[in-house]
> 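Before anything else, here's the structure in question.
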Amino acid sequence: MEPGARTIDLRPLPFEGTWGSASTIARMVAGELVTQELESSGALEGLSKKETKRLVNEKVGDRAQELAATVADSLRTTGRFTTVEAVNGYINISYDTSSMTANLVREVLTADATYGHATPGSRRQKVMIEHSQLNTHKAAHVGHLRNICLGVAVTNISEAGGFTTMPVTYIGDIGRHVVRCLWCYSAFHEGEEPEGNASRGRWLGEIYAESVNRLNFRKDVLSVLHRVTQEDEAFVEAVDKMLKNLWREQVEGEDVAYLLGRITSQQEIKVEDLRDENVLVTFWPIVGEQLRSEAEMAAVAAEDGASAPNDHLAEWEQLNIHMADWWPQVPTWIEQEHATFQLWEKKDPAFVALWEKTRGWSVDELKEIFDEFGAHFDAWFWESAIEDAGRQIVRELLERGIAEISDGLPVVKIDERLGLEKETYHTLPILRSDGTTLYSTKDLALTQEKFEEYGVDQSIWVVDVRQSLYFDQITKILELYGFEQAANSLHLSYEFVTLPTGVISSRKGNAPMLEDVRNAMLERARAVIQEKNPSLPAEQQQQIAQDIAIGAIKYVMLARDGNKVIVFDPDEALSFDGHAAPYIQYAHARACRILEHAGVTDGAILGMIDSIEFGQLQPEELSLLQQIAEFPGIVQRAADEHRPLHITNYVYELARRFNDFYHACPVLQSEEPVRSARLALVTTTRTTLRNGLALLGIAAPRQM
RNA sequence: GCGCCCGUAGCUCAGGGGAUAGAGCGUUGGGUUGCGGACCCAAAGGCCGGAGGUUCGAAUCCUCCCGGGCGUACCA
């Protein structure tokens, strides 16, 4: 080993109540020395690797401690540190807390709202962050909530980390969902819309959900039937009897035989195979009777034992409401949907006018949501506006032989083009066979535009992890196309949000909508404020409830690593206890309160900073100061890694330490000079808490 | 098949190769003649999915295995 070739590592002491650094150098050196000594003494000869290690490990601890003690002795004689100790093979040094504290307090109060931030633009990189890609004509759900919260926080943190950021959004204002919604609107609901643009937007979301229920009605019926035959043995056994009843009622015999065969063999039923498509309308009530009698049997059995609730019956009942009415019409509706799509493709004036009008309703609603969650954008991109540019790229890709026609549609066989043996990027279709555009068509053009028109150095997509492969494909295709900057794209992915009962599926109707979650949180927050702080004026209560409700949602969405699925439990999200935003906001409010009572301002404390005595600090005070001192480093790390999680953890820990301090160290009742020192600590904490919460997009109310 | 991700306390999750692996919820028992009890303290609860490897040192890095999730040609 080369002397001096090693860097001496220093890390904060992992104990609360001390302020200093530790080095592991003695342990590292001891390991090598012990090995060398044993080797030269010949003690290791003939020993296996494992035996060698055991021998080395036996001696290394004591040796490290000896070395550490030697180093500690010589460091101590320099007189530059408050204490130097050799503990367990580590060299622990601690600093003069008084001067450290004064410097820190001065730094925080001077920087104020920018404490923890790097110099703006110090990273010399312009980063475009695309997030909150919501759709018009369709309601947003809790999954979108995670996206918005992440996008806002990542933007704030990147900016604080010294990057120049450009937040943008990309709105799905055209596509199948819009066509479906508008078909349903025209066919069933024209003129029924409520007052007010944003509420019309919400109402459109309901129309969209209805359109899906109508168009997928047959599929849903068959899927329920299939699941019942797969999961319910009693049902299959009973089917034979039921179908014989049908036979007696002289329903088409061939179809009955078909249903019988399919169900008893647990195979899927296909409408194409039925002579009379509507035989299922006749069959459906019989299915219900059977399911109901099974449920009754289960209820009886449940009295002396456990029994699962019958999901199948609930699903049956849901579908049964519209069975007779909807089932026969589904094929016509699907034709109408296709025709509506063609209206868009042909830019039919009446349709375009309807689209523009309804789009406006939705956009007003989206703006409300963005406003409430603190999402601001330097640019809005629209799917509808990028279709032509997308088609142009597809043409060029075809001309250059990068794309090809396969099975009647333009695709890029990426692995083939890259000469990869192993399937990696697969094949991506870039236009539908009928010439209508896909998401990919538009993203190819948009990605290029971001770099060329906006001159960004890096482009970040904040999007669900399920699209990882897709974004790799887009990037690779653009690289093949010769667009070098494509490599500067980053897919910042996050896992989806599920419910305790399972994956969110809007079809089952169990996906909490963004709106519902927000309203529930707000209502709960209002009730708590009313209880805790009834004397506040109503208007203020309203504002604080808003800060708390939105803060609590954001914290849940950000306090988990991106690659972890969030199980969104509405009850838990509504809890204001423990590791959650209100805990942190509460600590902040308490700090504000103390300062209010003392009647001091930041400026006053900053002015007298040199005369404040920070001499003897309590462990709780030191622990709090250390945490405050770490903030800038944490911000930097969160920015580099694009992980708001570091900030949520940090700010919680800071609040926790402040509470410890609060309980252990009286401020207003204490005597000078301690009182001033503690007031300085409180104001420093308050600023840091506020700054940390601001990065997360969470408000820091002064009272709550 | 192939690819990506996850597996840490009863549950939900932190954990930057370093000292005795930490929080919250839940459970049990405590605390204010003090600046806000949305708080605090204590107890119980862990072969960090398994097996190898690298290292003075592994929850952390590497390999394999097991279990779960997601993706994988005209959804977005």
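Model, not experiment: these values are computed from the prediction. Convention: sequence-line order gives letters A, B, ...; per-chain numbering from 1.
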> If the C1' atom of B:rC48 is compared with that of B:rC35, how far apart are they to the nearest Å?
42 Å
> List for me each residue that meets ring-ring contact (aromatic ring centres under 6.0 Å, His included) alongside A:F381, sequence neighbours excluded, and say none if there are none.
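With sequence neighbours excluded, A:F381 shows a ring-ring contact (aromatic ring centres under 6.0 Å, His included) to A:Y454, given in chain and number order.
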> Please list, chain by chain and in numerical order, all residues satisfying ring-ring contact (aromatic ring centres under 6.0 Å, His included) with A:H646, sequence neighbours excluded.
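So A:H646 forms no ring-ring contact (aromatic ring centres under 6.0 Å, His included) with any residue.
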> Establish whether the base of B:rA76 is bridged to the side chain of A:Q467 by a donor-acceptor pair shorter than 3.5 Å.
yes
> If you restrict it to nitrogen or oxygen atoms, what contacts under 3.5 Å exist between nucleotides 4-6 of chain B and the protein, and what is each distance?
| residue | atom | partner | partner atom | Å |
| --- | --- | --- | --- | --- |
| B:rC5 | O2' | A:N563 | O | 3.4 |
| B:rC6 | OP1 | A:N563 | ND2 | 3.0 |

> Who passes salt bridge (Lys or Arg N to Asp or Glu O under 4.0 Å) against A:R702, sequence neighbours left out?
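A:R702 satisfies salt bridge (Lys or Arg N to Asp or Glu O under 4.0 Å) with no residue once adjacent residues are dropped.
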> Who passes ring-ring contact (aromatic ring centres under 6.0 Å, His included) against A:Y650, sequence neighbours left out?
A:F631
> Would you jot down, in residue-number order, the residues of residues 591-598 of chain A having a non-hydrogen atom under 4.0 Å from RNA chain B?
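Within this stretch, A:R593, A:I594, A:H597 sit under 4.0 Å of the strand.
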> Could you pull out all residues at least two apart from A:Y583 that satisfy ring-ring contact (aromatic ring centres under 6.0 Å, His included)?
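In terms of ring-ring contact (aromatic ring centres under 6.0 Å, His included), with neighbours along the sequence ignored, A:Y583 is linked to A:Y652.
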> Nearest to the side chain of A:D561, heavy atoms from C-beta on, is which of B:rA14, B:rC13, B:rA76?
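It is B:rA14.
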> In whole angstrom, give me the gap between the P atoms of B:rU27 and B:rG67.
36 Å
> Tell me if the side-chain of A:E423 makes a donor-acceptor pair with the base of B:rG1, cut-off 3.5 Å, by modelled atom types.
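Indeed there is one.
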> Is the NZ or CZ atom of A:R590 positioned over A:Y662's six-membered ring, under 6.0 angstrom from the centre and within 45° of the axis?
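Pair A:R590/A:Y662 counts as cation-pi.
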> With heavy atoms under 4.0 Å as the rule, sort A:E383 into base, sugar-phosphate or nothing.
sugar-phosphate
> Polar atoms only, N or O, under 3.5 Å: list the protein pairs with nucleotides 38-45 of chain B and their distances.
| residue | atom | partner | partner atom | Å |
| --- | --- | --- | --- | --- |
| B:rA38 | OP1 | A:Y586 | OH | 3.3 |
| B:rA38 | OP2 | A:K532 | NZ | 2.7 |
| B:rC39 | O3' | A:N659 | ND2 | 3.3 |
| B:rC39 | O2' | A:R590 | NH1 | 3.3 |
| B:rC39 | O2' | A:H663 | NE2 | 2.7 |
| B:rC40 | OP1 | A:Y583 | OH | 2.5 |
| B:rC40 | O4' | A:H663 | NE2 | 3.3 |
| B:rC41 | OP1 | A:D660 | OD1 | 3.3 |

> Would you write out the dot-bracket form of RNA chain B, 5' to 3', with Watson-Crick and G-U pairs under 3.5 Å, [ ] for crossing pairs, | for pairs to other strands and . for unpaired bases?
(((((((..((((....[...)))).(((((.......))))).....(((((..]....))))))))))))....
> Could you work out, with side-chain hydrogen bond (donor to acceptor under 3.5 Å, both in side chains) as the rule, every residue matching A:N92, not counting sequence neighbours?
none
> Heavy atoms under 4.0 Å is the rule here; annotate nucleotides 58-67 of chain B 5' to 3' with B where the base is hit, S where only the sugar-phosphate is, and - elsewhere.
----------
> For RNA chain B, determine which residues of residues 438-446 of chain A have any heavy atom closer than 4.0 angstrom to one of its atoms, and list them numerically.
A:L438, A:Y439
> Tell me whether the NZ or CZ atom of A:R466 lies within the 45° cone about the ring axis of A:F496 and under 6.0 Å from its centre.
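Yes, a cation-pi geometry holds between A:R466 and A:F496.
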> Using the side-chain heavy atoms of A:N57, tell me which of these nucleotides is nearest: B:rC13, B:rC35, B:rG57.
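Nearest listed nucleotide: B:rG57.
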> Got a donor-acceptor pair under 3.5 Å from the side chain of A:S406 to the base of B:rA73?
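Present.
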> What nucleotide among B:rG1, B:rG15, B:rC74 has an atom nearest to a side-chain atom of A:R643?
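It is B:rG15.
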